[in-house]
There are 6 protein chains.
Amino acid sequence: MAVLPLLTDDQLSDKARAVFDDIRATRQTDYVNNFWRALAHNPDELEAVWGRLKRIMGPGALDPLVKEMLYIAVSAANACEYCCHSHTASARAKGMSDEMYSELLSVIGMASHTNALATALQVPPDDAFKA
Amino acid sequence: MAVLPLLTDDQLSDKARAVFDDIRATRQTDYVNNFWRALAHNPDELEAVWGRLKRIMGPGALDPLVKEMLYIAVSAANACEYCCHSHTASARAKGMSDEMYSELLSVIGMASHTNALATALQVPPDDAFKA
Amino acid sequence: MAVLPLLTDDQLSDKARAVFDDIRATRQTDYVNNFWRALAHNPDELEAVWGRLKRIMGPGALDPLVKEMLYIAVSAANACEYCCHSHTASARAKGMSDEMYSELLSVIGMASHTNALATALQVPPDDAFKA
Amino acid sequence: MAVLPLLTDDQLSDKARAVFDDIRATRQTDYVNNFWRALAHNPDELEAVWGRLKRIMGPGALDPLVKEMLYIAVSAANACEYCCHSHTASARAKGMSDEMYSELLSVIGMASHTNALATALQVPPDDAFKA
Amino acid sequence: MAVLPLLTDDQLSDKARAVFDDIRATRQTDYVNNFWRALAHNPDELEAVWGRLKRIMGPGALDPLVKEMLYIAVSAANACEYCCHSHTASARAKGMSDEMYSELLSVIGMASHTNALATALQVPPDDAFKA
Amino acid sequence: MAVLPLLTDDQLSDKARAVFDDIRATRQTDYVNNFWRALAHNPDELEAVWGRLKRIMGPGALDPLVKEMLYIAVSAANACEYCCHSHTASARAKGMSDEMYSELLSVIGMASHTNALATALQVPPDDAFKA
């Protein structure tokens with residue numbers, strides 16, 4: 001359960017409806033997932049978050065699929081249940097193969113392991129890393 | 001400062017020395033960074049961690065540079081000072097451009113933002129995400 | 001499901017019952033939420049945690065509603081499912097409006113975003129911040 | 001040390017300089033802190049982050065000082081060294097008294113304590129919290 | 001729900017089946033829990049993770065029960081729902097009494113409290129702690 | 001640097017001085033570490049935190065050394081620089097051997113690894129774990 005009701009299409013303000021229209025057009029599907037239905041209580045924030053997500057996650061110097069895998073990595077480290085689900089589904093939709101997902105999980109596991117060791121040991125950064 | 005002294009080359013056990021030799025051969029540099037010098041107090045763990053890192057971070061279904069960027073993403077979310085430094089340096093050495101780094105930071109920032117919102121709102125995962 | 005059974009009123013020790021009585025009197029409601037029913041297995045800890053919570057969350061230099069919003073902020077960052085639910089409900093009960101909640105979410109999102117950037121970049125604190 | 005050099009005023013692009021001008025005008029001080037000097041490598045992101053921060057942290061349904069204290073709370077939970085320093089300094093500048101800071105720390109400590117307990121115990125959210 | 005289907009015994013590859021056989025023999029029970037059924041999609045990782053877990057969590061300088069309690073402590077701090085459940089069950093099976101569990105929770109709560117304070121205050125480590 | 005000045009002995013209030021006296025008597029050393037010198041700005045909180053720490057970390061169903069190792073585990077997972085230093089020093093002082101510390105690090109690393117996997121995969125807790 002969410003701390004706020006998830007808004008159905010007929011409960012949207014005009015501004016929120018326009019964002020939902022853009023989500024549907026951009027993703028070429030009628031389905032709008034729960035995250036946006038929770039954010040829709042605040043149409044300004046809904047518009048701002050969707051606008052940035054659309055811009056940042058699109059093509060650029062990094063491939064959109066790589067960006068989805070980066071999103072999964074951050075979401076796992078931040079223990080975000082919803083985002084692990086939604087971005088794994090997005091990465092699958094963008095072509096993440098079983099082999100890619102297996103390697104992604106291995107890197108997430110490895111990084112979490114050495115993050116914990118370096119922090120427990122309080123290893124000082126090398127002078128060689130200095131910018 | 002570390003909670004343990006960082007071992008110099010002449011303080012290594014035979015097993016730790018062999019791992020350092022492999023680090024140097026694999027990376028084609030004489031430089032061995034502080035993390036391994038802290039781990040070298042426990043040669044079995046040193047060998048195991050290095051062995052897995054070498055295998056996981058090598059080429060596969062994902063590019064080694066993509067893996068380094070995933071490592072940075074996890075390290076930032078876990079607030080690991082050392083790993084942010086070391087893996088940003090590694091990613092640079094593997095060809096991460098300024099444009100790629102800028103987009104990486106944008107994705108890390110975006111994911112951290114929506115992770116926090118989805119968690120605060122406790123948005124329930126959609127049935128559509130079910131495996 | 002919890003890792004321990006949630007105790008019903010008739011399963012409480014005398015000490016735990018006295019704490020439940022004080023929770024009911026302080027909050028002016030007969031309802032005692034699940035957190036306390038899980039803690040009640042250890043009446044000493046139950047008494048200590050409730051006592052501190054009652055003291056800290058009461059009026060002082062900060063308004064009790066501000067304190068509830070701070071609690072939500074920490075709970076979201078720590079990814080505590082239960083506490084996001086319980087303290088959002090408490091903040092609502094203490095008068096948090098929709099507008100206040102929207103701004104709270106915006107600050108939580110913004111802080112999570114720049115926390116991640118400052119950590120990824122390992123920005124050194126300015127001398128100007130020195131105490 | 002940062003993973004990127006901190007840009008001095010004479011190293012800024014035109015776009016970054018315009019943002020720095022707005023930071024100075026908004027805060028009514030010539031001092032621009034390190035965070036913005038690290039972000040200035042990416043003028044578009046600099047502009048976007050500053051723009052949102054300026055809008056979100058300004059007056060609204062919540063007082064700007066309350067927002068700074070919420071920022072400290074999130075930053076402490078996310079273990080962001082830089083942000084703990086910078087936002088404590090900002091809160092002081094906006095009028096946070098010693099008494100307010102003491103209570104803020106008490107709430108952060110209390111929330112971190114019960115977050116850990118509720119998570120360890122996996123207490124299920126009460127039906128009474130349902131939106 | 002998991003992001004991947006949990007594999008049943010008749011869906012296992014030969015390599016995964018061999019790992020399940022070893023889990024059953026080591027734990028002297030026919031029951032194999034969900035974590036391994038999710039990992040079984042990648043038999044190499046399944047084998048590697050189980051092999052390390054079996055070695056690390058066995059007897060040594062630290063008692064296996066102490067190791068399970070350390071695992072609970074890390075899992076609570078990392079907000080891992082599954083691991084809080086599974087390792088609390090394991091610790092119970094290895095003899096953790098109610099008194100031990102109560103003290104474990106008190107230490108987890110205390111550490112989370114002072115971690116947050118030390119981070120918010122950015123207390124510098126004492127020279128006396130230097131290795 | 002801390003966000004507050006660390007108080008020297010001659011800057012303490014009477015109440016803070018009494019706590020410092022008790023720290024010195026309990027630990028049988030004249031040295032009082034920085035954490036308490038930062039907390040001393042708020043004598044009530046200083047007294048409360050020290051009192052609980054003294055009670056919780058003393059002998060009970062768990063050995064004081066085990067408690068210190070649990071504290072290190074939580075502190076590493078929470079990325080608390082100060083607490084990793086201070087509690088590793090405390091554990092050493094209470095008899096933690098090199099072998100014990102090596103195994104502690106292995107458990108912290110292993111738990112961090114599987115926490116990340118279980119979270120990324122969103123593995124549902126087994127019915128068998130139900131209390």
Side-chain angles (χ1 to χ4, degrees), chain C residues 1-4 6 31 33-35 37-39 49 52-53 56-57 60-62 66-67 69-71 73-83 85-89 97 99-100 102-104 106-126 128-129, chain D residues 1-4 6 31 33-35 37-39 49 52-53 56-57 60-62 66-67 69-71 73-83 85-89 97 99-100 102-104 106-126 128-129:
Chain C
M1 69 200 196
V3 305
L4 283 177
L6 303 175
Y31 189 73
N33 56 303
N34 291 345
F35 179 69
R37 296 184 181 284
L39 272 199
V49 173
R52 278 202 305 133
L53 190 83
I56 289 173
M57 299 302 285
L62 299 180
V66 167
K67 291 179 178 179
M69 291 190 290
L70 290 166
Y71 222 110
V74 173
S75 301
N78 281 335
C80 182
E81 176 188 9
Y82 188 84
C83 309
H85 277 295
S86 62
H87 289 278
T88 302
S97 67
E99 289 70 27
M100 294 168 85
S102 286
E103 293 193 18
L104 168 61
S106 293
V107 175
I108 292 173
M110 186 82 223
S112 301
H113 182 151
T114 63
N115 285 177
L117 292 182
T119 297
L121 288 161
Q122 286 293 308
V123 184
D126 300 59
F129 298 152
Chain D
M1 67 200 200
V3 304
L4 283 176
L6 302 175
Y31 189 74
N33 56 302
N34 291 345
F35 179 69
R37 296 185 181 283
L39 271 198
V49 174
R52 279 200 304 132
L53 191 83
I56 289 172
M57 298 302 284
L62 299 180
V66 167
K67 291 179 178 178
M69 291 190 290
L70 290 167
Y71 222 110
V74 173
S75 301
N78 281 336
C80 182
E81 176 188 9
Y82 188 83
C83 310
H85 277 294
S86 63
H87 290 278
T88 303
S97 67
E99 289 69 28
M100 294 167 85
S102 285
E103 292 192 18
L104 168 60
S106 293
V107 175
I108 292 173
M110 186 82 222
S112 301
H113 182 149
T114 63
N115 286 176
L117 291 183
T119 297
L121 288 161
Q122 286 293 308
V123 184
D126 300 59
F129 298 152

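Basis for what follows: all heavy atoms, side chains included, without hydrogens, waters or symmetry-related copies. Here is how names work: the chains are called A, B, and so on, in the same order as the sequence lines, proteins then strands, and each is numbered from 1.
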Contact origin within A120(C) toward chain D - heavy atom pairs under 4.5 Å: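 It is the backbone, since no side chain atom gets that close.
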
Quick check on A89(C) against chain D: is it the side chain, the backbone, both or neither that has a heavy atom closer than 4.5 Å?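 The side chain, not the backbone.
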
Counting only non-hydrogen atoms closer than 4.5 Å, does L104(D) touch chain C with its backbone (N, CA, C, O), its side chain (CB onward), both, or neither?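 Its backbone and side chain both get close to chain C.
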
Output all residues satisfying side-chain hydrogen bond (donor to acceptor under 3.5 Å, both in side chains) with T88(D), sequence neighbours left out; order by chain, then residue number.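 Expected list: none.
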
State which residues pass side-chain hydrogen bond (donor to acceptor under 3.5 Å, both in side chains) with Q122(C); sequence neighbours excluded, sorted by chain then number.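 Q122(C) satisfies side-chain hydrogen bond (donor to acceptor under 3.5 Å, both in side chains) with no other residue.
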
Rounded to the nearest 0.5 Å, what separates atom OG in S97(D) from atom CG in L62(C)?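 Spacing of OG (S97(D)) from CG (L62(C)) equals 7.5 Å.
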
Distance in Å, L121(D) CG paired with F35(C) CZ, rounded so as to fall on 0.5 Å steps: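 If we round to the nearest 0.5 Å, L121(D):CG and F35(C):CZ are 7.5 Å apart.
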
Could you have a look at [options] and say which one has the most heavy-atom pairs with chain C under 4.5 angstrom?
options	answer
N34(D), N33(D), V107(D), L6(D)	N34(D)
E81(D), M110(D), M100(D)	M110(D)
L53(D), N115(D), N78(D), V74(D)	N115(D)
E99(D), H85(D), E103(D)	E103(D)

Can you name the closest pair of heavy atoms from [X] and [Y] and give their distance?
X	Y	result
Y82(D)	A118(C)	CB-CB, 4.0 Å
V123(C)	A2(D)	CA-CB, 4.3 Å
L70(D)	A73(C)	CD2-CB, 4.1 Å

Which one, [options], leads in non-hydrogen pairs under 4.5 Å with chain D?
options	result
H87(C), K67(C), R52(C), R37(C)	R52(C)
M57(C), H113(C), M69(C)	H113(C)
A38(C), A76(C), G60(C)	G60(C)
L39(C), V66(C), T114(C)	T114(C)

